Amino acid sequence: MRRFAALYQALDASTATGDKVAALVAYYGQAPAADAAWATYLLAGGRPRRIVPTALLRQAACRGAGIDDWLFEACYQAVGDLAETIAHVLPEPEPESESESESESESGHEHEHEHEHEHEHEHEHEHEPVVEDPPAEPGLAAWMTQRLLPLRGQPPARQVAALEAAWRELDAGSRFVLVKLIGGGWRVGVSRLLVQRALAQHLGLDARLLAQRLVGWTDAATAPDAARWAALTAPAGSAAASPGLPYPFFLAHALPAGPERLGPREDWIAEWKYDGIRAQVVRRQGQAWIWSRGEELVTDRFPEVVAQAAAWPDGTVVDGELLVWPPGQDRPAPFRLLQQRIGRKAPGRALRAAAPVRLLAYDLLESAGADLRPRPQHERRARLVALAAEVGAAALPVSPALEGADWPALAALREQSRARGVEGLMLKHRSSGYGVGRTQGEGRWWKWKVQPLSVDAVLVYAQAGHGRRAGLYTDYTFAVWSRPPADAAEAQAVVEAIARREPAVPGALQLLTFAKAYSGLSDEEFEAVDRVVRASTLEKFGPVRSLRPSLVFEIGFEGIDLSPRHKSGIAVRFPRLLRLRPDKPLHEADALDTLRAMLG
């Protein structure tokens with residue numbers, strides 16, 4: 001654990017890519033196979049589920065530090081990170097424990113030399129007992145598989161005892177990493193591409209080969225171990241890859257300005273940008289596998305797509321979008337119907353009938369077992385269209401190419417996006433290959449999305465941020481009026497009732513929550529809002545403050561749908577802060593009818 005904690009600290013201490021790669025290469029050069037496997041899982045995006053409840057972590061930390069909960073909460077509010085707070089408040093390990101550990105280590109070296117001496121003269125001492133090496137300090141794999149993961153679901157008393165024993169063994173840096181792993185809040189400033197680069201440098205393998213082998217590596221259903229590490233790091237051509245393995249996904253960039261800067265319109269293929277689940281469907285050896293962009297194997301959740309792929313020839317890999325698309329309709333259904341299918345590992349007949357899913361194809365990555373990714377986009381698309389003609393449109397529907405003759409014509413088509421149930425356009429250079437991740441260069445794909453929907457909403461709750469925003473209230477909850485207020489006086493009466501903690505009167509004017517947002521303002525604006533939050537706080541609920549309404553914001557979002565989870569009955573997708581509206585009084589903020597009108 002200490003070695004992995006030191007790697008975490010090295011990665012967290014630098015923003016230089018070269019330093020991060022060097023730290024990773026050094027770690028891989030020293031770590032045992034099982035530890036390296038777990039480190040790769042965590043650094044490449046694996047997220048272990050919460051092992052111990054947060055409340056129990058806090059309770060154990062207070063007990064270990066000998067402090068009251070109120071003092072721990074004050075420390076947490078100042079630090080902004082639970083793991084860092086726990087690492088700070090716990091006392092240092094006892095000096096005796098450290099001395100014993102050093103003594104055991106030295107003793108281990110002595111035994112090691114004695115063992116080597118005995119081996120050199122084994123014929124002289126073959127009847128003498130062999131002195132065993134003392135057990136080494138547990139590594140990352142041992143901590144995960146033997147001490148942490150088995151704690152999930154154990155009685156609280158046993159969990160607390162295990163936490164206290166672990167904290168007695170580890171220094172502050174290792175405790176910090178341990179709590180991150182236990183609490184399910186693991187994050188580190190390393191991308192999967194950086195891990196691939198470090199592995200390629202360490203192993204002397206092609207980074208593209210490692211990128212493909214890493215697909216599915218962070219799937220929680222298959223734990224990392226030494227055997228998987230051996231397959232990942234085997235020399236090129238020597239490891240038998242799983243037949244269901246997809247290719248790394250090629251991702252698009254958001255178009256920062258108008259498309260005219262991209263050059264001639266005829267150099268680009270334009271398609272609709274659908275609002276579904278990006279997926280690759282692999283057809284090999286008479287079977288089909290479906291992989292989401294998050295590298296989760298979701299084959300069993302979409303049997304209709306497996307049936308589609310049954311008509312494809314072996315050695316076919318298609319990139320496309322999973323969409324709920326009822327027969328006879330000219331547009332996909334809202335994303336919320338697809339959400340019902342995402343969480344069901346074995347959907348029943350009724351659910352499949354109510355939300356039928358199909359794959360809409362837009363790229364052919366493999367044909368007859370040959371990797372087509374280096375081929376230009378226009379060639380891959382032509383071969384995809386030819387395959388669709390061969391197997392039938394029902395088995396392989398293809399995303400249509402749009403015919404706008406110039407950029408203004410495409411801009412006019414883009415304005416129809418919401419009416420067609422899509423998010424905008426995709427622009428793909430005709431000569432571009434299929435890259436890995438968000439590849440730089442002129443061959444990249446672009447997302448030309450429509451402008452977000454927006455409403456003017458009232459700030460009603462605020463929560464403190466984390467990390468560099470710790471100590472500032474930056475996470476906000478917004479509400480709209482249940483109906484348009486008659487005038488400023490009626491709106492002010494509602495504000496005064498809220499300030500008196502009076503419950504809302506059914507049927508009367510009130511503010512209904514519908515969205516949370518935490519990004520979009522500058523640091524100066526967040527600081528200004530923080531001052532208002534502190535001055536207008538009515539009640540505190542842990543880290544959350546309820547506020548006397550006084551601020552209006554313009555909130556942007558990508559989509560909107562009905563939701564029984566929200567008081568307003570409305571949920572929005574990807575909400576964000578567009579701007580403060582100091583010019584807009586509270587009674588001019590939008591009402592629920594404005595949101596309902598956007599549902600169409």
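Count residues from 1 along the sequence. Remember, predicted model here, so these are calculated numbers, not experimental data.
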Test side chain to side chain contact (heavy atoms under 4.5 Å, CB included) on Gln340 and Val324; report intermediate values, then the result. CA-CA 10 Å; Gln340 297 177 19; Val324 172; over 6 Å; no
Check whether any side-chain heavy atom of Trp289 sits under 4.5 Å from a side-chain heavy atom of Leu245, and report yes or no. no
Do Glu304 and Arg352 meet the salt-bridge criterion of a basic N to acidic O distance under 4.0 Å? no
Quick check with a 6.0 Å cut-off and a 45 degree axis cone: is Arg228 positioned over the face of Trp217's six-membered ring? yes
Please tell me if the side chains of Leu351 and Arg341 come closer than 4.5 Å, counting only heavy atoms from C-beta onward. yes
Step by step, work out the salt bridge (Lys or Arg N to Asp or Glu O under 4.0 Å) result for Arg284 and Asp314. CA-CA 5 Å; Arg284 299 189 188 112; Asp314 264 3; over 6 Å; no
When you measure from the side chain of Gln196 to the backbone N and O of Ala211, does any donor-acceptor pair fall under 3.5 Å? no
Check Pro397 against Gln308 and note the closest heavy-atom contact, atom names and distance. CD-NE2, 3.5 Å
Taking 4.0 angstrom as the limit, do Arg596 and Asp593 come out as a salt bridge? yes
Evaluate side chain to side chain contact (heavy atoms under 4.5 Å, CB included) for Gln463 paired with Thr474, printing each intermediate quantity in order. CA-CA 6 Å; Gln463 182 172 346; Thr474 59; over 6 Å; no
Excluding sequence neighbours, so at least two apart, what forms side chain to side chain contact (heavy atoms under 4.5 Å, CB included) with Lys567? Gln510, Leu512, Thr513
In this structure, which one of Arg418, Arg576, Lys273, Lys447 forms a salt bridge (charged side-chain N to carboxylate O under 4.0 Å, His left out) with Glu558? Arg576
What verdict does the side chain to side chain contact (heavy atoms under 4.5 Å, CB included) test give for Thr218 and Thr40, after you've listed the backbone C-alpha separation in whole Å, the side-chain angles of each residue and the deciding distance to 0.1 Å? CA-CA 9 Å; Thr218 57; Thr40 301; over 6 Å; no
Please say whether more than 12 non-hydrogen atoms of neighbouring residues, nucleotides or ligands are located less than 6.0 Å from CD in Gln329. yes
Could you tell me whether Arg265 and Glu260 have a side-chain N and a carboxylate O separated by less than 4.0 Å? no
Contacts of Arg581 meeting salt bridge (Lys or Arg N to Asp or Glu O under 4.0 Å) (sequence neighbours excluded), chain-then-number -> Asp456, Asp583
Between Arg383 and Glu390, does any NZ, NE, NH1 or NH2 come within less than 4.0 Å of an OD or OE carboxylate oxygen? no
For a quick test of reading the model, state the closest non-hydrogen atom pair linking Ala288 to Thr299 and the distance between them. O-CG2, 3.5 Å
Would you check, one step at a time, whether the test salt bridge (Lys or Arg N to Asp or Glu O under 4.0 Å) holds for Glu271 with Arg381? CA-CA 12 Å; Glu271 302 172 32; Arg381 180 174 178 85; 3.4 Å; yes
Identify, with sequence neighbours excluded, every residue that meets side chain to side chain contact (heavy atoms under 4.5 Å, CB included) alongside Asp363. Asp319, Leu365, Gln377, Arg380, Tyr434, Trp445
All side chain to side chain contact (heavy atoms under 4.5 Å, CB included) counterparts of Arg197, not counting sequence neighbours: Thr17, Val21
Parallel, tilted or perpendicular, as decided by the 30° and 60° cut-offs, for the rings of Phe557 and Phe514: perpendicular
Does Thr233 have any side chain to side chain contact (heavy atoms under 4.5 Å, CB included) partners at least two apart in sequence or in another chain, and if so, which? Leu203, Trp229
State plainly whether the residues Asp267 and Arg430 are in salt-bridge range, i.e. N to O under 4.0 Å. no
So, Glu366 versus Tyr247: side-chain donor-acceptor pair below 3.5 Å or not? yes
All heavy atoms of Asp35 vs all of Ala141, minimum pair found to be OD1-N, 2.8 Å
Trace of the side chain to side chain contact (heavy atoms under 4.5 Å, CB included) decision for Asp590 with Leu595: CA-CA 8 Å; Asp590 284 310; Leu595 289 172; over 6 Å; no
Within the structure provided, determine whether Pro400 and Trp272 are in side-chain contact (heavy-atom separation under 4.5 Å). yes
Using every non-hydrogen atom in the two residues, find where Arg301 and Arg344 come nearest and quote the distance to one decimal. CG-O, 3.3 Å
State the OG-CG distance between Ser519 and Leu577, to the nearest 0.5 angstrom. 6.0 Å
Does the plane of the ring in Trp446 sit parallel, tilted or perpendicular to the ring in His253? Use 30° and 60° as the thresholds. tilted
Could Arg283 and Trp312 be counted as a cation-pi pair, given that NZ or CZ must be under 6.0 Å from the ring centre and within 45° of the axis? no
Applying side-chain hydrogen bond (donor to acceptor under 3.5 Å, both in side chains), name anything that partners Ser568, two or more places apart in sequence or on another chain. none
Considering non-hydrogen atoms only, spot the tightest contact between Leu24 and Leu194 and give its length. CD1-O, 4.1 Å
Ion pair Arg420/Glu415, N-O distance below 4.0 Å: no
Of the non-hydrogen atoms in Glu554 and Ser454, which two are nearest, and what is the gap between them? OE2-OG, 3.2 Å
Evaluate the ring planes of Trp268 and His429, with Trp represented by its six-membered ring, and classify them as parallel (under 30°), tilted (30 to 60°) or perpendicular (over 60°). perpendicular
